[in-house]
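First up is the structure itself, then whatever we jot down about it.
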Amino acid sequence: MAASSPLLTSEHSKKTKPNRRKRTRKGGEAEKLDSLKWNHSFSAEDNDPFAFLVGSNELDGGFLSLEEIDEASYNLQIPKPEKGKPGKKLNSKKRKRSSANEEDSGDGDGDGDEDGSGVQKQEEKNLKNETGKKKKKKKKGKKIKTVEESVAVSNGPDDAEEELVNEAEISTEFDAWNELRLHPLLMKSIYRLQFKEPTPIQKACIPAAAHQGKDVVGAAETGSGKTLAFGLPIMQRLLEEREKAAKMLEDKGEEAEKYAPKGHLRALIITPTRELALQVTDHLKGVAKGINVRVVPIVGGMSTEKQERLLKARPEVVVGTPGRLWELMSGGEKHLVELHTLSFFVLDEADRMIENGHFRELQSIIDMLPMTNGSNKGQSEQTQNCVTVSSLQRKKRQTLVFSATIALSADFRKKLKHGSLKSKQLVNGLNSIETLSERAGMRANVAIVDLTNMCVLANKLEESFIECKEEDKDAYLYYILSVHGQGRTIVFCTSIAALRHISSLLKILGIDVWTLHAQMQQRARLKAIDRFRANEHGILVATDVAARGLDIPGVRTVVHYQLPHSAEVELVYVHRSGRTARASADGCSIAIISPNDTSKFVTLCKSFSKESFQRFPLENSYMPEVMKRMSLARQIDKIMRKDSQEKAKKTWFERNAEAVELVVDNYDSEEEVVKNRKQKKATSMQLKKLQQELNAMLSRPLQPKTFSRHYLAGAGVSPLLQRQLEEIAKEKLPDSKSAIENKRRKLVVIGQDCVEPLQALRNAGHEVHMDGKEMAEKRRNLDSLRRKRKEEKKCLRDQRRKQRKKMKGTE
Ligand SMILES: Nc1ncnc2c1ncn2[C@@H]1O[C@H](COP(=O)(O)OP(=O)(O)OP(=O)(O)O)[C@@H](O)[C@H]1O
């Protein structure tokens, strides 16, 4: 579902060049974290048998980065391991440890380069940790100073002072997490991510999944932190099991390393889209940093060989899309088919998985899962790999099902509560969340955490709409983006054709947009997201492939250029709108509604508890200029489209002949050739003229034609000018006694460079709402008007027919 950090970062390149300053910072932060309250009962160094794994190298344990999957496309190089160069200073005990790791992290068949590198770096890290510990002991008396210094280093000299945090403050700031009893290493990650308190869904799910070992069906609004609601229990259980196993084996007097988990697949997380899988991976890696849990994405559109290589490192957690996962599983990929040690099966955006029945592969994957009722006990015990810590510690597999929009039937809830579900029921197809969960082996007494009863949309989301004619949608979209183009914006289209149409127009109008749809190559899809993420005021025009889960901080506005298809209008609308106002931030959604959309919009109005949407405040004086520009852009687009269509029409032979300068016989008459040439020339002249005209318009800021009574608009209005204009306006407006009237008369100044849509909505002194009834009324009127026109036309046609007949008769 989510990740706060970019999908693709330059992290990889940093990794290849270790940087001293960064290391110093890490050391300082570690000290600060060790001193926190939650660490009193635990010292990673003293008690954790896996402490030697903490802070492992970049290519091992949770650090296999996304870039490595497709590093070639980003000109990145995976650092190759220096084989045969073990750390010189390793003592015999450490060597033993590292050889155990080597066994864990791959089969060493030469293909698993990453594994080798991981072991090598692991050894070096162990040594560093060891020396680090000694140094720390020496520095004991200076602890607080070191904390402050480290924070200063980590944030740069400029804001160092502001960032100085004292110990007591830190520990109380994160107190809200205490009741969840998470492992201290996880708390360190949470501190690093600066998540001050758990979100409600995390608060509700973590105890059930992490401590009670329950299956969970979790539903909560978009952007509410569901990824960690299932991610933290996974990490918690893995850490707990490791510790218990090590302790148990120590008691028996055996070496913990010998029994350390052999890198089995422990958690399989399935998401409906590739981007989401990569994002969830990234998010979990953020938490897994420092705890040596490897998280790997397995998604379509990327090299299968590379993914197989990643799996050779035997990651504990795999996040994938059903298609590629099944491709590898059905091909017998060892790590993915040995599922006897699987402790977590997670379905993220579960309701999406069952849509349109296009997740046949999911069904096959689910059928591969061992039964949870113990019927496969014998089989798993025979497996040699099971005779490890994991078999000793193994609990039953937990199934976690999450989404913002899970609609559970009352009957299903009852069945879940009373435990009357049968695993692997013979149901044809996975056509409901119920059958999906049953089939996945969801056990009795599942914890249902449904926080969507109150409101399925984010609390701080402001919803609005613009009503216009179908043919004016482009112009209103351009208006929003040019007058209020502040912050990141995602424009949603239902069809790829519409996406192409508007992105082409916007580009002609000089607005940079990135596009994202399912027909794009995966590499291009990721690049689009990456660039959108990198641009503070970026615009992404996307189909619903981006509707679910995409977590890009700073998305301020979501525009519904087309509403989703009728059958799923509410569901998709919720997910689309959920790309903004995430994690307690605010944001706004704008639906552009034409008469064709009215019935869908009425459905939306009826469905959500908010009875009405706010009408987006438009400054109509901008519209003449907007329309002019749009008209020019359309003409240019039409010419360019025609041209490219003509080019595409050329036969393969013609194109290739042209490339090698071969003269092709032309059967057109000379006259036709001349005419074509003339036409081409005229078209190109026309195109040039249109472009010049448009460029001249675009070279000056969009100007309103007149000043409105309610809005003053202009380019780049400064706060000072805004105040002055407001003063003038106040003088002009007569005093009014009623507060409502005053509010209505409030003058809003729209500056082209300074008002983002949410602000414009809030500034709009008067809220004009259109509720369902009003819309329905309008639709009825429109329908009757259409009917009338149709009848009139029919009458006219009949009349003409009669007349013609008459005429014929008289002839
Ligand atoms: N406890 C927390 N405190 C603050 N921020 C958090 C916390 N937990 C998660 N986040 C952040 O909140 C954002 C949204 O989280 P996430 O993507 O998991 O939401 P979601 O509920 O899965 O959304 P969606 O339903 O759209 O997929 C992420 O950027 C994540 O880093």
Side-chain angles (χ1 to χ4, degrees), residues 1-7 173-180 182 186-187 189-206 216-235 269-273 275-289 319 346-353 400-406 449-452 455-461 488 490 492 529 533 542 544-555 558 571-587 589:
M1 266 178 267
S4 51
S5 57
L7 272 175
E173 253 183 336
F174 291 77
D175 267 357
W177 286 96
N178 287 349
E179 63 189 82
L180 298 183
L182 287 173
L186 289 178
M187 285 311 303
S189 298
I190 286 164
Y191 171 74
R192 190 173 12 83
L193 294 166
Q194 284 295 296
F195 294 159
K196 302 259 159 69
E197 54 178 336
T199 63
I201 187 82
Q202 290 163 359
K203 247 186 218 170
C205 293
I206 292 172
V216 175
V217 176
E221 65 181 57
T222 50
S224 58
K226 291 187 287 294
T227 313
L228 289 191
F230 64 74
L232 287 172
I234 293 175
M235 300 296 166
I269 302 167
I270 309 192
T271 71
T273 66
E275 286 77 10
L276 189 51
L278 296 170
Q279 194 178 277
V280 170
T281 308
D282 225 29
H283 205 3
L284 296 187
K285 274 184 183 177
V287 178
K289 220 172 203 170
V319 188
V346 185
L347 293 174
D348 193 7
E349 304 289 353
D351 54 331
R352 177 77 182 92
M353 303 284 197
L400 312 178
V401 175
F402 278 79
S403 181
T405 46
I406 291 185
V449 182
D450 186 358
L451 307 183
T452 60
C455 182
V456 76
L457 289 155
N459 237 342
K460 291 188 181 170
L461 174 77
R488 290 191 186 96
I490 304 184
F492 279 105
I529 294 180
R533 220 181 251 277
D544 290 323
V545 74
R548 291 225 183 207
L550 215 63
D551 180 56
I552 298 175
V555 174
V558 164
L571 196 78
V572 180
Y573 176 85
V574 166
H575 286 282
R576 282 178 176 187
S577 303
R579 296 319 98 210
T580 183
R582 296 176 71 73
S584 308
D586 51 13
S589 88

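Counting starts at 1 for both ligands and their atoms, following the listed order. All heavy atoms count here, side chains included; hydrogens, waters and symmetry mates do not. Just so we're clear, the structure is a prediction, and the values are computed from it rather than from any experiment.
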If you compare all heavy atoms of Leu276 against all heavy atoms of Gly549, which two are closest, and at what distance to 0.1 Å? CD1-CA, 3.5 Å
At less than 4.0 angstrom from any non-hydrogen atom of His283, what atoms of ligand 1 do you find? 30 (C), 31 (O)
Side-chain donor/acceptor of Gln202 to backbone N/O of Gly225, under 3.5 Å: yes
Side chain, backbone, both or neither: which applies to Gln202 and ligand 1 if a contact is any heavy-atom pair less than 4.0 Å apart? side chain
Ligand 1-proximal atoms of Phe230, by part, heavy-atom distance under 4.0 Å: neither
At under 4.0 Å between heavy atoms, is it the side chain or the backbone of Arg579 that contacts ligand 1, or both, or neither? side chain
Under 3.5 Å, N or O to N or O, is Ser224 touching ligand 1 that way? yes
Please identify which atoms of ligand 1 are closer than 4.0 Å to at least one heavy atom of Thr227. 16 (P), 17 (O), 18 (O), 22 (O)
Residue pair Phe230, Asp348: steps toward the side-chain contact (heavy atoms from CB on, under 4.5 Å) verdict: CA-CA 9 Å; Phe230 64 74; Asp348 193 7; 4.0 Å; yes
Looking only at heavy atoms, which two atoms of Ser224 and Ile201 are closest? And how far apart? O-CG2, 3.3 Å
Is Gly223 close to ligand 1, meaning an N/O of one under 3.5 Å from an N/O of the other? yes
Is the backbone N or O of Arg533 less than 3.5 Å from a side-chain atom of Arg488, with the two atoms forming a donor-acceptor pair by type? yes
Close approach, Lys196 and ligand 1, non-hydrogen under 4.0 angstrom: no
Can you give me the closest heavy-atom contact between Arg352 and Pro272, atom names plus distance? CG-CB, 3.4 Å
Taking heavy atoms and a distance under 4.0 Å, where does Lys226 meet ligand 1: side chain, backbone, both or neither? both
Minimal non-hydrogen separation, Ser589 against Tyr573, with atom names: OG-OH, 3.2 Å
I'd like to check which ligand 1 atoms, numbered from 1 as shown, lie under 4.0 Å from a non-hydrogen atom of Glu221. 21 (O)
List every atom of ligand 1 that sits less than 4.0 Å from any heavy atom of Glu197, numbering the atoms from 1 in the order shown and giving each element. 1 (N), 2 (C), 3 (N)
Against ligand 1, does His575 come closer than 4.0 Å with any heavy atom? no
Give me the atom names and distance for the closest heavy-atom approach of Leu228 to Pro233. O-CD, 3.7 Å
N/O donor-acceptor pair under 3.5 Å between Lys460 side chain and Ser584 backbone: yes
Numbering as shown, the atoms of ligand 1 that approach Arg582 to under 4.0 Å (heavy-atom distance): 14 (C), 16 (P), 17 (O), 19 (O), 20 (P), 23 (O), 24 (P), 26 (O)
The answer for which part of Asp551 has a heavy atom under 4.0 Å from ligand 1 is side chain
Arg548 and ligand 1 - part of the residue with a heavy-atom distance under 4.0 Å: neither
Option with minimal heavy-atom separation from atom 19 (O) of ligand 1, where the choices are Gly578, Pro200, Ala220, Gly225: Gly225
Point-to-point distance, once rounded to the nearest 0.5 Å, from CG of Asp551 to CZ of Arg579: 8.0 Å
Proximal atoms of ligand 1 relative to Thr199 (non-hydrogen, under 4.0 Å): 1 (N), 2 (C), 7 (C)
CD on Glu275 to CD1 on Ile529, rounded to 0.5 Å: 4.0 Å
From Gly286, Ala583, Ala585, Gly549 - option closest to atom 12 (O) of ligand 1 by heavy atom: Ala583
